[in-house]
Structures are given as C-alpha cells and as structure tokens.
There are 2 protein chains.
Amino acid sequence: MTRSNGEAAHDDIRVAVSTVIFSLRHGGEDLPSVVLPLVRRTRDPHAGQWALPGGWLDVSENLEAAASRTLAETTALTPSYLEQLYVFGDVGRSPSRVVSIVYWALVREDVASTPLPEDENVAWFDTADLPELAFDHRSIIEYALWRLRNKVGYSRIAHGLLPDLFTLAELREVYEAIGGKRLDPANFRRQVEGSGTLIPTREFRTGSHRPARLYRYNHDVELADRGPLPR
Amino acid sequence: MTRSNGEAAHDDIRVAVSTVIFSLRHGGEDLPSVVLPLVRRTRDPHAGQWALPGGWLDVSENLEAAASRTLAETTALTPSYLEQLYVFGDVGRSPSRVVSIVYWALVREDVASTPLPEDENVAWFDTADLPELAFDHRSIIEYALWRLRNKVGYSRIAHGLLPDLFTLAELREVYEAIGGKRLDPANFRRQVEGSGTLIPTREFRTGSHRPARLYRYNHDVELADRGPLPR
DNA sequence: GCAAAAGTGTTTAACATACACCCATGG
DNA sequence: CCATGGGTGTATGTTAAACACTTTTGC
C-alpha cells in the first residue's frame, strides 16, 4: 500500500486535483468567447496532449487549497470563484488508478489577459474549439460548461468574470456569452436591478455614445448559494 | 510526492465512499418523516457513535459501484436513485488522512420497510432527530438534505421514493414531507399532470372515500438532469 | 442632425396561488 | 345522508417577454 519512491507499486489509489478555469475573451464584433487555460503534458500517459491544470493532492493539504496551489503553479492565475465540480474515479480513465477531484473556477477577464507564464506549454483555448485532450478531460470540460450555464441562471456568478466596476451592458454581455444568445437590454436591466445585487456608483463609462452608469457588486449577497457546506 | 518523516502506516491518503440514504416513514396522522439508516461504529475513531454507511474504495472498483456495494453490505438496501453528493477531504476531519466520496440515495418506502439485517448496529433515524454522529457526518447529512430539498423543486426525484403505482395524494405527500409544508391538492395536480411525467392507469386505489386513480412514472423522462455526465 | 447605445414605459401572455365548488365512495 | 378526500373550474396577482419610446452622447 505504501509507495516507497514514487515509482513502484501502482496497486494503490492516488488522488489528483484538477481545475477547469473559465474566463471570457473579447474578439471582434461578436459576443466574447468562453475560454480556458490548458497545460501540455510533458510525460506519459498522453504526453504531448493538452490537459486540465492540476497535480497530486498533498497529504497535509485541504482539497480547495490543492486546487488553488496547482492553479497558481501551472497558470499563475488567481480565481474570483472556486467550487468543487465532481469526482472522476472510474477504473479505466487512466492506466493507473487515479481519483481526480475536479474544481471549477472563474477568472476575471482583466486578470486573465495578463500574460501567462513564459511557457509554451500553457495556453488559452476557446471552449468552442478545443484541441485533442488527455484522459477524459474533454467530457469533464463539457460537464463544467453545463454547470456554468446552469448556475448562471440561478446565481450571481457572472460577476466573477468582471472587474469591480462595470456597466450593465458589460454584465449583460457576460450572460449573453455564457448563454450563447442575445438578451433584451430593457428586461435585463429590470431583472438585475430588482435583485439587489448591484450598487450604482456616481461614475460613468464614457464611450462613443451616451455614457453608461458604472455599477459595483454588492458583496452582502453571496455569489452562489452553496447550502450548508463548510467553508 | 511529499511524505513526512516516520509515521509509516497512515501517512498516505485513503479513499472512502459513504452514502446518505433517504427514505420516508409514515407515522400517525402527520406528514411522513424523512428517515435515513445509520451504522454504529465498532472501532476507533469514534467507536460506539453512529455514522453513515460506507467503506474503503477498492482499487479495481468504480466509485458508484463502491457506493452500491458498501450500501448492500451494511444495510442490504437497493436504492432507486443514486448520485454523487460531494467530496469531503479536509485534513482535520479524521485522525488519519481520509478523502470521503459521498453519494446520496433514495429508497422507496416499501423497500425500506423490509427489516434491516439482524444487527442492532444498523437502524433508521428521523432526520429531524439525529443522534450524535461520528466525524463530520452530521454536516454531511445537512448538506444532503439541502440538496434533496433543492432538487425536488426542479426534478422528478420524488418518484424515487414511491413504488411503481401511486396516487396523486401519495406523490403530493412526498413533496410535502420533503418540503415540510402542505400543498394545495388542486394546484399540485395541475402542475404534475402538465409536466408529462405521469402515465394514468385504469386502476384505482380504493380506500375509505372516493377511489383515487393510480399513476405510473413515465420513464421516458429522466428522474434528474445530470447534464453530460458519463453514466 | 443623425446614429447608436442608455434608459423608461406599456402591453401581453404565462404561470402560480387561492379558493369555491361538484363528485364518488364508505359508513 | 353525511363526512371526507378526489377532482374541476375560475378569479387574482406576480413575473417574464416583446417592443415602442425617450434621453444623451460623439461625430
């Protein structure tokens, strides 16, 4: 059961932690795309293929801490939202027995656009145009996307993709990008204003047309209700 | 892989699988209670206290299979619904490092009322009146209850607590027991009839008053949308 | 002034809720 | 025939959606 030196007996179960990190990227005139960072594997199995950032769980490290640590080590990113997604542990998903505890995270677009570490083995990908992926990571990403789209409907996680100050149009764009369809500006405004999650400021964003009021997120309201989970 | 000095045996991470199993139990005139089976621990840590049924994950066993197996071994129950709940893996939750993959399950009331194995170390408890529990199992149950109550609102899992044939009043009682409040029979009927999840039969349940039509669950509609999760 | 986005108002439909009412059965 | 739960009808209020309209800026 006990491993002596990392090699040897693989008849035990190893615990890994990975994270699906979502952010947005503005393209041309279209809606922004949902993007995520991937890491190219340097060793077998699946050497050369892209995979979710992650690593082994440390014996004296909490699960969420492991997610944050491996995230920082591989991508140098700090998420504004982090939540457990699912555990994948089927026997056949890796040559040796690995139980992968997968988290998902949101990163603000301004944070995500700071350059990645000087490493051609880390890169951002459009979720609509993913490369070939190692292990079962493709279906993990599909599931995380499904959760993201679901959760955006009944919680306020969209704010996790925006900086402190934002216009209603910017917030709407987030919902539109995740949902994949345009929303009525008038109805969107009423909905979000009535929810008590926004604090209007006295500042305005001046552009090529009528200036738009800047809003701040009301942190008294939780981003997402996770129920009675220990934090 | 890091390993602190000395302390040979329990120095690695062990993976356990536990299950929160819900069922209903009819009392007197009141609403049925939500009940769950617990197992009394026979060894340390927490010897003598009640705990969730579970066991160690086998090296060549899928996660869901481990949940089913440990369930059958300790309680001899077969669930009608089984879903992953959460992974609890904080460093301090057990003397040695244990990552617990917790599932939650539903058992039909008629199945749950077959007697438990001849063993005074397994028993059903009302969720509103739990004994002292081992580890962090109390908060795990709280979380599972929260998930149950939530999910019953947007999916059809209530059927998992009923036998094949049931009246609308019986189905309504399930919702009332889980939600903890009475529902309008007329509106409940319309809601559930309009959802396309019920197939009316030609049979009736005859009791002390006007006979009630028996319904069957429409298995074309999934109990719960779990998204693109591999099954 | 014109284009375009910000922001307001109004109409409509869908839906949940509340509750009045009739129906069918055992006693 | 009456008590009781099964089952139907209907009025009311809340909410989402669709869209017409006014406001404010850059050019």
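Per chain, numbering begins at 1; letters A, B, ... match sequence-line order. Note that these values count all heavy atoms, side chains included, but never hydrogens, waters or copies made by symmetry.
The distance from atom CG of L145(A) to atom CG of L36(A), rounded to the nearest 0.5 Å, is 7.5 Å.
Note on R205(A): nothing from the nucleic acid sits closer than 4.0 angstrom, heavy atoms only.
In this model, no donor atom of one side chain and acceptor atom of the other lie less than 3.5 Å apart for R147(A) and N150(A).
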Kindly give the atom pairs (protein nitrogen or oxygen, nucleotide nitrogen or oxygen) under 3.5 Å for nucleotides 16-20 of chain C.
from    : atom 1 : to      : atom 2 : distance (Å)
dA18(C) : N7     : N187(B) : ND2    : 2.9
dA18(C) : N6     : N187(B) : OD1    : 3.2
dA18(C) : N6     : R190(B) : NH2    : 3.3

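Look at CG on L183(A): it is 16 Å from C1' on dA6(C), rounded to the nearest Å. Computed from coordinates, the E193(B) CD to dC15(C) P distance equals 16 Å when rounded to whole Å. When the P atom of dT8(C) is taken as reference, atom CZ of R210(A) falls 7 Å away, rounded to whole Å. To the nearest angstrom, P of dA16(D) lies 16 Å from CZ of R189(A). To the nearest angstrom, P of dA6(C) lies 14 Å from CZ of F166(A). Here dA5(C) presents its P atom at 10 Å from CZ of R172(A), a figure rounded to the nearest Å. As a whole-Å value, the separation of L168(B) CG from dG7(D) P is 6 Å. Residue R213(A) contributes atom CZ, which lies 13 Å from atom C1' of dT24(D) at whole-angstrom precision.
Although no hydrogens or angles enter the test, the distance criterion places no donor-acceptor pair under 3.5 Å between the side chain of S155(A) and the main chain of V152(A). Side chain of H137(B) to main chain of A51(B): no donor-acceptor pair is present (N/O by atom type, distance under 3.5 Å, no hydrogens or angles).
Each of Y215(B), Y81(B), Y217(B), Y175(B) was evaluated against H159(B); a single residue qualifies, Y217(B), per the ring-ring contact (aromatic ring centres under 6.0 Å, His included) test. P37(A) pairs in a side-chain contact (heavy atoms from CB on, under 4.5 Å) with only one of the listed residues (T74(A), L71(A), L77(A)), which is L77(A).
Taking the side chain of H209(B) as heavy atoms from C-beta on, and the options dA6(C), dT25(C), dG6(D), the nearest nucleotide is dT25(C).
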